2 protein chains.
Amino acid sequence: MEWILDKGRAICPQICEQVCKRIVTGEFKPGEKLLSVRVVAVKAGVNPNTVQKSFDILEQKGILFSQRGLGWFVSENIALAKSELATITRTITQDYFSKMKTLGMSPDEVKQYVLQWNES
Amino acid sequence: MEWILDKGRAICPQICEQVCKRIVTGEFKPGEKLLSVRVVAVKAGVNPNTVQKSFDILEQKGILFSQRGLGWFVSENIALAKSELATITRTITQDYFSKMKTLGMSPDEVKQYVLQWNES
DNA sequence: CAAGCTGTACTACTTCACTAATACAATAAT
DNA sequence: ATTATTGTATTAGTGAAGTAGTACAGCTTG
């Protein structure tokens with residue numbers, strides 16, 4: 001369970017994204033217990049409160065749930081994570097097109113530009 | 001000269017981008033005098049200091065230059081703005097691919113996803 | 001029961017980007 | 001020369017995001 005976070009972006013949403021992704025890819029299974037807030041915080045090199053906040057958000061969306069004294073668990077309803085991930089993907093792409101538009105690129109030009117992209 | 005800025009992103013780089021774009025598209029011509037820092041600030045609904053900072057950055061890159069008591073002017077060397085805009089475009093795209101990768105999408109999958117995108 | 005895990009809550013501190021206000025310097029127009 | 005407009009500089013304040021530290025509550029295991 002590696003946590004590669006991009007400093008410079010807000011950490012909270014990144015953790016949310018990562019959890020959703022791992023659920024969708026099957027790395028986290030329904031009902032599975034996650035590592036504790038503190039442990040994740042250390043592994044990710046982040047403050048426990050930030051992890052807590054992220055998990056709270058995911059709980060509100062029904063993707064995770066917590067049991068006091070026990071830990072955090074993956075919800076049985078994977079569809080929620082799947083849908084959330086799709087929304088995130090969409091939002092990020094929307095933002096990308098929006099930014100490129102302010103630089104004077106039409107959607108079609110953006111598509112062409114992306115197509116010829118090669119590099120990681 | 002409209003200034004549509006996306007709150008939520010840092011304003012400084014957005015102003016820099018916009019100026020570069022306008023130079024490249026020919027809206028701002030070499031040697032042309034820009035509106036004053038204060039006027040731009042009002043038009044963009046932003047603080048004059050932020051505009052000043054942005055222009056300073058562009059001056060450092062040789063894209064703009066200032067004359068005390070006179071105003072800000074577009075440099076004769078448009079290639080600099082062109083190159084800067086290309087760099088920005090590239091960086092934004094790089095970031096986009098990077099974000100999508102953390103969501104589990106390979107570059108090829110990203111390309112497919114972008115291709116079928118329709119919406120502004 | 002006691003110890004050691006958990007989640008939860010709260011307050012204070014730091015940093016960054018931007019805002020706000022003011023003052024000063026240089027140029028042009030009158 | 002005076003006035004207005006410009007760039008420039010400085011200081012202080014604000015809000016968001018994250019850090020840091022501490023404390024409390026509930027569950028499990030020995």
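In what follows, every chain begins at residue 1, and chains take the letters A, B, ... in the order their sequences are listed. Keep in mind that this is a model prediction, so the values were computed, not measured.
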Subject >> Greater than 12 external heavy atoms within 6.0 Å of B:Lys61's NZ >> reply: no

Subject >> Audit row: A:Val40, A:Trp72, side-chain contact (heavy atoms from CB on, under 4.5 Å) steps and yes/no >> reply: CA-CA 11 Å; A:Val40 170; A:Trp72 284 91; over 6 Å; no

Subject >> Gap between atoms CZ and P, on B:Arg9 and D:dA17 respectively (whole Å) >> reply: 17 Å

Subject >> Nearest-Å distance for atom pair CD1/P, residues A:Ile57 and C:dT8 >> reply: 13 Å

Original post:
Over how many whole Å does the gap from A:Leu64 atom CG to C:dT8 atom C1' extend?
Top reply: 16 Å

Original post:
Has A:Ser36 got a side-chain N or O lying under 4.0 Å from the OP1 or OP2 atom of C:dT6?
Top reply: yes

**OP:** Look at the aromatic rings of A:Trp117 and B:Phe97 and report parallel, tilted or perpendicular, splitting at 30° and 60°.
**Re:** parallel

**OP:** Assess whether atom CD of B:Glu59 is packed by more than 12 heavy atoms of other residues, nucleotides or ligands within 6.0 Å.
**Re:** yes

Subject >> Polar side chain donor-acceptor pair, A:Arg22 to A:Gln18, under 3.5 angstrom >> reply: yes

Which atom pairs link the protein and nucleotides 19-21 of chain D when you take only N or O atoms and keep those under 3.5 Å?
unit_1, atom_1, unit_2, atom_2, d
D:dT19, OP2, A:Asn47, N, 3.1
D:dT19, OP2, A:Thr50, OG1, 3.0
D:dA20, N7, A:Asn47, ND2, 3.3
D:dA20, N6, A:Asn49, ND2, 2.8
D:dG21, O6, A:Asn49, ND2, 3.1

Between protein and nucleic acid, restricted to nucleotides 23-30 of chain D and to nitrogen or oxygen atoms under 3.5 Å apart, what atom pairs and distances do you find?
unit_1, atom_1, unit_2, atom_2, d
D:dA25, O4', A:Arg68, NH2, 3.1

Original post:
Starting at CG of B:Asp56 and ending at P of D:dT6, how long is that distance when rounded to a whole Å?
Top reply: 17 Å

Subject >> Closest heavy-atom pair and its distance - A:Leu115, B:Lys111 >> reply: O-NZ, 3.3 Å

Original post:
CD of B:Gln52 versus C1' of C:dA23: gap in Å, rounded?
Top reply: 14 Å

Original post:
Other hydrophobic cluster members with A:Leu70, side-chain heavy atoms of Ile/Leu/Val/Met/Phe/Trp/Tyr under 4.5 Å, chained?
Top reply: A:Phe65, A:Phe73

Original post:
Looking at B:Trp72, does any N or O in its side chain come under 4.0 Å of the phosphate oxygens OP1/OP2 on D:dG7?
Top reply: yes

Subject >> Whole-Å distance separating the NZ atom of B:Lys53 from the C1' atom of C:dA20 >> reply: 15 Å

Subject >> Closest non-hydrogen atom pair between B:Glu84 and B:Cys20, with its separation >> reply: CG-SG, 3.6 Å

**OP:** Would you please say whether a donor-acceptor pair under 3.5 Å links the side chains of A:Thr102 and B:Gln14?
**Re:** no

Original post:
Could you state the CG-C1' distance from B:Leu35 to D:dT5, rounded to the nearest angstrom?
Top reply: 13 Å

**OP:** Take the protein atom NZ of B:Lys33 and the nucleotide atom P of D:dT5, then report the distance between them rounded to whole Å.
**Re:** 12 Å

